[in-house]
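Read the numbers this way: they start at 1 and go in the same order the structure lists the ligands and their atoms.
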Amino acid sequence: MTQRVLRGRLLTFHREPQSGDDTGAYTYLEDGALLIRDGIIEKTGPFAEVAALAGDAPVTDHRPHLMMAGFIDTHIHFPQVQVIASWGAQLLDWLNNYTFPEETRFASERHSARMAEAFFDQLIAHGTTTAVAFCSVHKTSAEAFFAEAARRNMRMLGGKVLMDRNAPETLRDTPQTGYDETKALIAGWHGKGRNGYVISPRFAITSTPEQMEMAQALAREHPDCHIQTHLSENRDEIAYTAQLYPKARDYLDVYQSYGLLGPKSLLGHAIHLQPREIDALAETGAHPVFCPTSNLFLGSGLFDDAGLRARGMVNGIATDVGAGTSYSMLQTLNEGYKILQLQGQALHPLRAFHWATRGNACVLGLEDRIGTLAPGSEADVIVLNARSTPAMALRMERAESLAEELFVLQMMGDDRAVEAVYVSGVPATPVPDRQAAANRAMQTA
Ligand code: GUN
Ligand code: ZN
């Protein structure tokens with residue numbers, strides 16, 4: 001048995017805070033601790049109580065920093081680590097001019113393996129301990145993704161994209177090969193260690209009706225797998241989808257008519273929705289996913305969080321790297337705050353930090369395993385420092401409450417604020433070793 005105690009200022013959420021005064025929604029302990037045994041949180045509480053149970057377990061003291069559950073990113077593209085920050089285009093041109101050519105490189109096993117290592121290094125450096133990722137169309141890319149996740153013992157979800165049209169030839173599967181490769185990947189990786197497979201038709205534009213039928217078959221045969229795709233991100237995309245699927249009542253109807261909507265479905269963007277689509281989303285329990293930095297970067301539009309929540313939807317929040325411009329869920333919350341401000345929806349920091357942890361876990365139906373520091377949870381823990389830059393330290397001199405500190409982290413924080421990361425109770429590199437990781441990346445480039 002391996003065990004350890006982490007001591008620090010501790011924050012964990014029990015439910016979504018309804019307001020800034022909703023103290024029942026979370027536990028905050030000035031001198032808190034976790035007892036971790038074999039990767040699982042055994043006890044959460046005041047340090048004195050935890051220490052009494054801990055025997056001779058080693059103690060790591062992270063005070064005065066803040067311990068919380070690791071961040072969860074519910075929409076990110078693994079093969080886009082080298083197209084992030086590509087200039088000037090909106091969605092369809094960005095895909096055709098930058099992203100599709102880049103993704104063709106993931107036919108190579110070697111390239112996929114190298115990028116997987118770099119991708120997971122970035123997630124850890126930014127405090128993200130679980131992500132839901134699109135791989136490229138190539139089975140090799142998903143193999144590299146899951147192998148690296150398993151090596152690091154991270155709870156990761158992902159899948160190879162299904163795409164059989166409107167893309168370069170080397171980036172197209174067929175309905176049959178997409179089905180067969182997905183089946184093989186599910187057999188090889190779903191439920192292995194902490195990995196979960198996500199059935200991933202990229203979006204309506206890149207899948208023929210025949211491929212959507214195959215995606216439907218996969219979803220029926222594997223009801224325990226999540227499903228991910230993109231929805232109503234950009235007006236030209238919506239118009240093109242209507243041309244390609246003339247019988248669909250609207251964009252969502254493409255996915256709905258192939259049985260792809262349910263509580264395990266994640267729909268990236270969901271910005272320009274018709275009333276019927278909102279009704280259908282609410283009925284099916286599918287989850288819109290807000291991708292703030294991406295939506296600003298591609299000029300896509302403003303996600304209506306409050307409008308969808310008022311209809312009972314449980315929205316995710318995510319980076320969408322490489323259209324998203326930061327791996328940091330802190331920076332994602334920062335830009336999310338601004339997008340919601342433009343619509344008169346001020347995102348309270350308590351709700352923001354709930355969203356990036358337990359909220360996204362609820363979107364995935366995994367809140368009993370990740371997203372909180374409750375006993376029984378997997379010990380994916382991050383330690384945040386709200387004084388990690390001189391500007392933040394200066395601002396923090398005037399902060400008087402937990403909510404203020406969280407808001408400083410939300411607006412000014414990034415990977416520099418991540419002091420430590422534990423995955424399954426074990427310290428994860430490269431946070432203390434950032435320069436070494438950068439050097440390694442230079443050498444292998
Ligand atoms: N729609 C289809 N593919 C993509 C993608 O890779 N990124 C974004 N932002 N939207 C998409
Ligand atoms: Zn995306």
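Draw a line from the Zn ion (ligand 2) to NE2 of H75 and another to NE2 of H77, and the angle between them is 110° (to 10°).
If you look at I205 next to ligand 1, there are no close heavy atoms at all, none under 4.0 Å. The residue T206 has no part lying near ligand 1, judged by heavy-atom distances below 4.0 Å. Under 4.0 Å from ligand 1, the heavy atoms of W94 that appear belong solely to its side chain.
Between the CZ atom in F303 and the CD1 atom in I317 there is a gap of 8.5 Å [rounded to 0.5 Å].
The Zn ion (ligand 2) has no N, O or S atom of E233 inside 2.8 Å of it. The Zn ion (ligand 2) lies under 2.8 Å from an N, O or S atom belonging to H230.
Each of the following atoms of ligand 1 lies closer than 4.0 Å to a heavy atom of E233: 1 (N), 8 (C), 9 (N), 10 (N), 11 (C). Listed by atom number, the atoms of ligand 1 under 4.0 Å from L91 heavy atoms are 8 (C), 10 (N), 11 (C). Which parts of ligand 1 touch D320 is read off a 4.0 Å heavy-atom cut-off, strictly below it: atoms 8 (C), 9 (N). Atoms of ligand 1 lying under 4.0 Å from at least one heavy atom of A323, given by number and element, are 9 (N).
For the ligand labelled ligand 1, residue Q80 lies inside the 4.0 Å heavy-atom shell.
Relative orientation of the H75 and F134 rings is tilted, given thresholds of 30° and 60° on the angle between their planes. Classification of the Y422-H62 ring pair by plane angle, with boundaries at 30° and 60°, yields perpendicular. In this structure, H269 and H230 have parallel ring planes: the angle between them is below the 30° cut-off, well short of the 60° mark. Using cut-offs of 30° and 60° on the angle between ring planes, the pair Y245 and Y258 is perpendicular.
Ranking protein heavy atoms by distance to atom 3 (N) of ligand 1, first place goes to R202 NE, 2.9 Å. Of the protein's heavy atoms, H230 CG, 3.4 Å lies nearest to atom 1 (N) of ligand 1.
Q211 and R165 share no donor-acceptor pair across their side chains, judged by distance under 3.5 Å alone. Inspection of the E419 and N385 side chains reveals an N or O donor paired with an N or O acceptor under 3.5 Å. A donor-acceptor pair shorter than 3.5 Å cannot be found between the side chains of S300 and N234.
Checked against a 6.0 Å centroid threshold, the rings of H126 and F71 do not count as neighbours.
The N, O or S atom of D320 lying closest to the Zn ion (ligand 2) is OD1.
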